Amino acid sequence: MDNLALKELLYKMADDQLILGHRNSEWTGMGPILEEDIAFSSMAQDKVGQSQQLYILLNQLGEAEPDTVAFMRNAEQFHNCQLVELPNGEYDFSLIRHFLFDHAEWLRFEALSNSSYEPLAQLARKYKGEIKYHLIHANTWIKQLGNANEETLARLKQSLHELAPYALGIFEPSPYETQLISEGIFIGEEALKARWIESVNAILAQTALGAFNWSASNAILGGRQGKHSKHLQPLLDEMSEVFKMDPTADW
Amino acid sequence: MYGGGNTFEAQQMGGVENEDPIKLAEFEARIARGEKIEPNDWMPALYRKQLIRMIEQHAHSEIIGALPEGTWITRAPGFKRKLALMAKVQDEVGHAQLLYSAAETLGKPREKMIDDLLSGKSKYSNIFNYPTFTWADSCFISWLVDAGAIVNQLANSKGSYGPYCRALERICAEESFHLKYGHHCVIHMATGTPRQRKMMQEALNRWWGPMMHFFGPPDKASVHTEILVKWKVKMATNDECRQQFLDMYVPKIWELGLNIPDPNLKKNPETGEWEYTEPDWEEFKRVINGDGPCNAERLAVRRVAEERGAWVRKALLKPEAAYTTPLA
């Protein structure tokens with residue numbers, strides 16, 4: 001097994017989780033209702049915790065310590081898709097992102113549950129159980145607000161259109177696709193995307209939004225290769241503000 | 001956190017003159033026997049009013065208190081602290097949810113309570129009107145403000161109103177973890193690098209005054225206080241709580257080599273009481289009345305959150321929505 005392919009896969013998943021977890025945590029104290037504060041905070045904890053475990057796997061493969069990897073890299077060293085780094089915006093924006101991302105995430109972990117790389121398969125089986133609740137949460141709200149009134153519908157529609165190209169960026173192919181597939185590590189981004197379109201559209205079809213025409217959107221790519229929007233570096237600067245005061249200190 | 005010691009009492013509140021004497025006697029007998037009063041039981045208007053005021057202030061303190069600490073979630077150094085602080089602040093918001101539900105059992109809807117918070121009609125713990133400049137400030141809050149809150153909440157959990165007591169029991173169980181987290185953070189700061197130690201000492205210097213204010217001014221004897229004590233609404237005086245806090249935590253702070261910025265602070269071996277410099281109660285009054293360093297900012301953040309979320313709440317309010325029993 002070539003570790004480069006595996007590491008690339010682990011890095012992008014871990015970075016996605018860390019950055020979206022960080023964004024979710026920004027809803028703490030700011031949610032439209034207390035229950036949503038609490039829900040976004042729970043999802044934030046799951047995601048940041050999952051990223052830490054994935055960084056531990058990377059550490060076992062010879063990469064630096066999780067804290068160093070998470071708190072000391074610059075934006076161009078991050079492999080997350082651009083979708084997760086965008087500022088939270090209004091609740092509809094965060095909700096649509098959460099819905100689109102977590103469907104992909106759940107399907108990714110479901111596929112990885114059968115990965116030939118057993119340490120990852122074990123984590124994936126565990127995470128699938130956690131993300132299941134993120135998915136239930138997203139679907140409940142999308143169905144509720146997607147059928148509520150004109151304003152909610154207009155907001156969700158606008159956010160969906162804005163985020164669709166970024167969401168397609170989740171599936172930016174890795175340079176190692178063929179290898180990952182042939183070694184049975186992962187089913188590959190193309191196959192994942194096909195499952196994802198089916199999965200999100202099944203929910204959207206139950207709302208006044210209707211199924212989305214994904215083939216009409218152009219994916220925003222680059223995140224997986226370290227090309228990011230202007231929003232990632234400030235997020236990282238904030239995240240590491242205290243840590244970088246003295247990276248050798250025990251906080 | 002953050003149930004803050006001092007409950008600001010109403011300026012004018014009626015007594016028990018208009019209550020049915022027989023029902024009042026039964027009510028007081030039940031409390032004297034140690035029974036809990038439940039939402040549908042008869043209760044004097046003053047009891048209801050004071051409890052709403054207390055629980056509501058406590059709930060507001062939880063959501064406002066989430067702001068000064070919440071701002072450090074995105075900057076917490078390292079996975080361990082980041083995950084713990086997220087969970088901690090989430091607990092606080094959860095406490096607010098629980099407490100609003102407990103207050104709702106007395107007849108005031110959550111929406112009305114939030115309106116009163118935003119209009120300034122209803123208060124929250126004064127300590128959250130001070131800024132958290134550094135990571136060390138958030139460590140101070142997690143350890144010592146939570147410690148103060150536990151002193152107060154443990155006392156109140158033995159009170160007479162069932163839903164509030166049950167909420168407080170759950171809250172205290174979670175708070176004990178916050179305390180451990182906060183203490184752990186402060187230990188690392190106080191025994192860390194010179195820079196960390198300096199940060200921690202400076203935070204202690206900033207927060208000691210507000211911490212002494214936390215339990216409220218020395219209690220004045222009043223007719224209300226007497227009744228509220230009898231009804232087990234007020235379970236300990238402000239000074240009792242402050243003494244208990246000092247007794248439990250001053251030695252722990254000193255143990256870490258930190259200096260408490262009060263040269264007169266010492267335990268009198270004869271009385272067993274702590275002696276200290278009275279904090280500036282004029283400042284306390286000024287801050288309560290809206291003139292603290294962060295009053296405007298805290299409420300503005302809360303207001304923005306409410307305004308931005310209004311469309312979501314509106315969409316959830318359907319005419320056919322049935323009343324659901326509150327959690328507590």
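Chain naming here is simple, since letters A, B, ... match the order of the sequence lines and numbering starts at 1 in each. What you are looking at is a predicted structure, and each value in this text was computed from that prediction instead of being measured.
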Do A:Gln144 and B:Leu316 have side chains that get closer than 4.5 Å, going by heavy atoms?
yes
Nearest heavy-atom approach of B:Gly309 to A:Pro32 is CA-CB, 3.5 Å
Nearest heavy-atom contact between B:Gly78 and A:Asp67 is CA-OD1, 3.5 Å
Contact part of A:Tyr55 toward chain B, heavy-atom cut-off under 4.5 Å: side chain, backbone, both or neither?
side chain
So, taking the atom named CG in A:Asp37 and the one named CD in B:Glu92, what distance separates them when rounded to the nearest 0.5 Å?
12.5 Å
Under 4.5 Å from any heavy atom of chain A, what part of B:Met189 do you find: side chain, backbone, both or neither?
side chain
Flag the one option from A:Asp92, A:Leu18, A:Leu145, A:Leu95 with the top tally of heavy-atom pairs under 4.5 Å to chain B.
A:Asp92
Are there more than 12 heavy atoms of other residues, nucleotides or ligands under 6.0 Å from atom CZ of B:Arg303?
yes
Does any non-hydrogen side-chain atom of A:Asp246 lie less than 4.5 Å from one of B:Gln196?
no
Approximate separation, where rounding is to 0.5 Å, of A:Thr28 OG1 and B:Glu69 CD
11.0 Å
Comparing A:Gln45, A:Met239, A:Met30 against chain B, the one with the most heavy-atom pairs below 4.5 Å turns out to be A:Gln45
So, B:Arg110 and A:Glu35, do they make that salt bridge, N to O below 4.0 Å?
yes
What part of A:Thr248 gets closer than 4.5 Å to chain B, counting heavy atoms only: side chain, backbone, both or neither?
neither
Most contacts with chain B, counted as non-hydrogen pairs under 4.5 angstrom, among A:Tyr91, A:Phe71, A:Trp141:
A:Phe71
So which of A:Glu151, A:Lys244, A:Arg155 has the biggest tally of heavy-atom pairs under 4.5 Å with chain B?
A:Arg155
With side chains defined as the heavy atoms from C-beta onward, is the minimum distance between B:Thr74 and A:His22 less than 4.5 Å?
yes
Does any backbone or side-chain atom of B:Ala310 lie under 4.5 Å from a heavy atom of chain A? Answer side chain, backbone, both or neither.
neither
Heavy atoms only: give me the nearest B:Arg308-A:Gly89 pair and the separation to one decimal.
NH2-O, 2.7 Å
Compare all side-chain heavy atoms of B:Phe79 with those of A:Gln53 and state whether any distance is below 4.5 angstrom.
no
Counting heavy-atom pairs under 4.5 Å with chain A, the top scorer among B:His188, B:Met199, B:Gln90, B:Arg313 is B:Gln90
Would you say A:Glu238's side chain and B:Arg75's backbone share a donor-acceptor pair under 3.5 angstrom?
no
Looking at A:Ser25, A:Pro247, A:Ser51, which makes the most heavy-atom pairs under 4.5 Å with chain B?
A:Ser25
The interface call for A:Asp237 against chain B, heavy-atom contacts under 4.5 Å, is neither
Which portion of A:Glu241 sits near chain B, non-hydrogen atoms under 4.5 angstrom:
side chain
Would the number of heavy atoms belonging to other residues, nucleotides or ligands and lying under 6.0 Å from CD of A:Glu150 be above 12?
no
Just so I know, are the side chains of B:Ile63 and A:Leu34 near enough to count as touching, which here means a heavy-atom distance under 4.5 Å?
yes
Note, B:Trp311 side chain near A:Asn149 side chain (heavy atom, < 4.5 Å):
no
Flag if over 12 foreign heavy atoms under 6.0 Å of NZ, A:Lys157:
no
When every non-hydrogen atom of A:Gly49 is compared with those of B:Leu83, the smallest separation belongs to N-CD2, 3.6 Å
Just give me the residue among A:Arg23, A:Glu26, A:Glu90 that pairs up with chain B most often, heavy atom to heavy atom, under 4.5 Å.
A:Glu90
Side chain, backbone, both or neither: which part of A:Leu235 has a heavy atom under 4.5 Å from chain B?
neither
Proximal component of A:Gln52, with respect to chain B [non-hydrogen, under 4.5 Å]:
both
Residue pair B:Lys80 / A:Trp251, side-chain heavy-atom distance below 4.5 Å:
no
